[in-house]
There are 2 protein chains.
Amino acid sequence: MGDKISLSDGAKSHGAKKGPGGRDRELSTLVATGEVSDPKSPRGRLLNAAAQLFQDKGYARTTVRDIAADVGILSGSIFHHFRSKEEILCQVMLEVTRVARARMAAAVSAEEDPRERVRACIRCELEAIHGLAVPGFPILVSEWRSLSADNQRLVLTERESYESIWISVLNNRPRGAGIADAQLARKLLLGALAHSHTWFKPRGRGLTLNALADQALLMVWQEG
Amino acid sequence: MGDKISLSDGAKSHGAKKGPGGRDRELSTLVATGEVSDPKSPRGRLLNAAAQLFQDKGYARTTVRDIAADVGILSGSIFHHFRSKEEILCQVMLEVTRVARARMAAAVSAEEDPRERVRACIRCELEAIHGLAVPGFPILVSEWRSLSADNQRLVLTERESYESIWISVLNNRPRGAGIADAQLARKLLLGALAHSHTWFKPRGRGLTLNALADQALLMVWQEG
DNA sequence: AACGCTACCAAGCAAGCGCTTGGTTATCAA
DNA sequence: TTGATAACCAAGCGCTTGCTTGGTAGCGTT
């Protein structure tokens, strides 16, 4: 099962190399389709600031005054863009999910080998977790309970396609490669990777992000 | 009086034994030495209530009024036992760590085989995470940032001996058993296990806690 | 010129927060 | 009896919080 991975669009940009110049072609596409707010618009700037603050200080410890100050407006003005503080969190999660999904789809389709695809998923999620793709990804795990049940359902729906990529990639592992159940392997892996946000420093000269990805790969894919 | 005492309450003298080893024996010892508060004392009841509330709702969303109401007193009375709300969190973390450490040490020393010792560690931590040992263990991961730097240092010191058990047990793995570096394996494992708190239901009829431990073992110990 | 729209300011409200204060009760030892 | 102490109540203080209100400046369209 899970031979093909359904990608939303055929036009994908592989590699997503970070460097000087346009960081992600996927992001521009998402902005163009309206799936993600323009980072230069007031709304986009607010969401980016909120994402960074929620990630750094936590949702509850971040005030709307913090967010407002970060983009240079007064706190009351925020509510011309969002109805409530929680809506900000919800929108951050939705947009982060869309960016992460687009990058993940591109990364997977750029690889052929099943094992390389798993590695690509891991590396891709690690990049998201450590802010190389978009700020705010760790919030999806750490601040989940800060959402109301309705908003949880909303984000969960948006997230399904992201997780389904993971599952189909993990299902392409051979027998005996480790944890058999892809759903279980995914959950354990998500916990392990997300937690790395608290201790892994990409700036450090010791372990690189790619090396960490290789080690994490050993958890769900053994043998050669 | 309809007060509910959450866990490990019946150990009046040496009464309650659970399982072959007498699992609450460790708690009684810790209470006797003063390392952990008596669950029947006001302080112990407050700490237990706080631990459960912090775990369920999160530290920031739990008010001192919530904790007080849970044990049947008024909010102001709390501050005859603790100087601040954060001190409650800190004390919860310290005591939870001590209980977890004692249980872990007992679980490890009950096994001889290196692989069984790793499995025992995993099972032991899973039991702690899912409230079978003491309420509040997941707080150690999820609410770490709610502590001031000073209190973080305090808890970290108390925790060292707990982590050192993990490291020595993981270091007894043979070469080629998976992730070579014990420190790294431990961090990834902690993330994976702690995250299971959000999705694993011990009440569920599907995956048992022991089966989950076996699967988690596959992440750090391959080839039987 | 008049309009409509977006983005924002200035001021502040009501609620909830952690925590303080002064006093009361129960227990127990000398 | 007296005094010390632990445990708690009743009341509320000072502050922060998310959010509201009424108004304004700038801009493009008609």
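Protein chains get the first letters and strands the later ones, always in sequence-line order, with residue 1 at the start of each.
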Is any side-chain heavy atom of [X] closer than 4.5 Å to a side-chain heavy atom of [Y]?
X: B:Leu46; Y: B:Ile88; result: no
X: A:Phe200; Y: A:Ile129; result: no
X: B:Phe79; Y: B:Val64; result: yes

Interface polar pairs with nucleotides 26-28 of chain C, N/O, under 3.5 angstrom:
none

**salt bridge (charged side-chain N to carboxylate O under 4.0 Å, His left out) partners of residues 79-94 of chain B, not counting sequence neighbours, each pair once** = B:Arg83-B:Glu87

**Fill in**
Here the salt bridge (charged side-chain N to carboxylate O under 4.0 Å, His left out) pairs for residues 45-64 of chain A, sequence neighbours left out, are A:Lys57-A:Asp66

**Item:** Terminal axis angle for the helix from C:dA1-D:dT30 to C:dA30-D:dT1, five pairs an end, nearest 10 degrees
**Value:** 0°

**Request:** Could you give me the CA-CA distance, side-chain angles and deciding distance for A:Val96 and A:Ile139, then say whether side-chain contact (heavy atoms from CB on, under 4.5 Å) is met?
**Result:** CA-CA 9 Å; A:Val96 163; A:Ile139 302 173; over 6 Å; no

**From A:Glu125 atom CD to A:Leu189 atom CG, the distance as rounded to the nearest 0.5 Å** = 7.0 Å

**Request:** Mind checking the CZ-CG spacing from A:Phe137 to A:Leu132? Nearest 0.5 Å is all I need.
**Result:** 13.0 Å

Quick one: [X] [atom1] to [N] [atom2], roughly how many Å, whole number?
X: A:His81; N: C:dT6; atom1: NE2; atom2: C1'; result: 8 Å
X: A:Ile78; N: C:dC9; atom1: CD1; atom2: P; result: 11 Å
X: B:Leu74; N: C:dG22; atom1: CG; atom2: P; result: 18 Å
X: A:Phe82; N: C:dC8; atom1: CZ; atom2: C1'; result: 15 Å

Among all residues two or more places apart in sequence or in another chain, which pass the side chain to side chain donor-acceptor pair (under 3.5 Å) test with [X]?
X: A:Ser196; answer: A:His130
X: A:Arg145; answer: none
X: B:Glu163; answer: B:Arg159, B:Arg186

**Fill in**
Its 5'-most and 3'-most nucleotides having an atom under 4.0 Å from a non-hydrogen atom of chain B, DNA chain D is contacted over D:dA7 to D:dG12

**Message:** Determine whether a donor-acceptor pair (N or O, by modelled atom type, separation under 3.5 Å) exists between the side chain of B:Ser77 and the backbone of B:Ile73.
**Reply:** no

**Asked** Between the side chain of B:Gln55 and the main-chain N/O of B:Gly136, is any donor-acceptor distance below 3.5 Å?
**Response** yes

**Request:** Specify the residues of residues 85-94 of chain B, ordered by number, for which at least one heavy atom lies under 4.0 angstrom from an atom of DNA chain D.
**Result:** none

**Asked** For C:dA7, does OP1 or OP2 lie under 4.0 Å from any side-chain N or O of A:Ser77?
**Response** no

**Message:** According to ring-ring contact (aromatic ring centres under 6.0 Å, His included), who are the partners of B:Tyr59, at least two apart in sequence or on a separate chain?
**Reply:** B:Phe54

**Prompt:** Listed in order of residue number, which residues of residues 61-69 of chain B have a non-hydrogen atom at under 4.0 Å from DNA chain C?
**Reply:** B:Thr62, B:Thr63, B:Val64, B:Arg65

**Request:** Identify, with sequence neighbours excluded, every residue that meets salt bridge (Lys or Arg N to Asp or Glu O under 4.0 Å) alongside B:Glu158.
**Result:** B:Arg98, B:Arg101

**Request:** Tell me what B:Ser75 touches on the nucleic acid: a base, only sugar-phosphate, or nothing, going by heavy atoms under 4.0 Å.
**Result:** base

**Fill in**
Residue pair B:Gly76/A:Leu46 against DNA chain C: nearer the 5' end by closest nucleotide is A:Leu46

**Prompt:** Testing B:Glu95, B:Gln52, B:His81 for side chain to side chain contact (heavy atoms under 4.5 Å, CB included) with B:Leu47, which one passes?
**Reply:** B:Glu95

**Message:** Please compare B:Pro42 and A:Ser84 by the position of their nearest nucleotide in DNA chain D and report the one closer to 5'.
**Reply:** B:Pro42

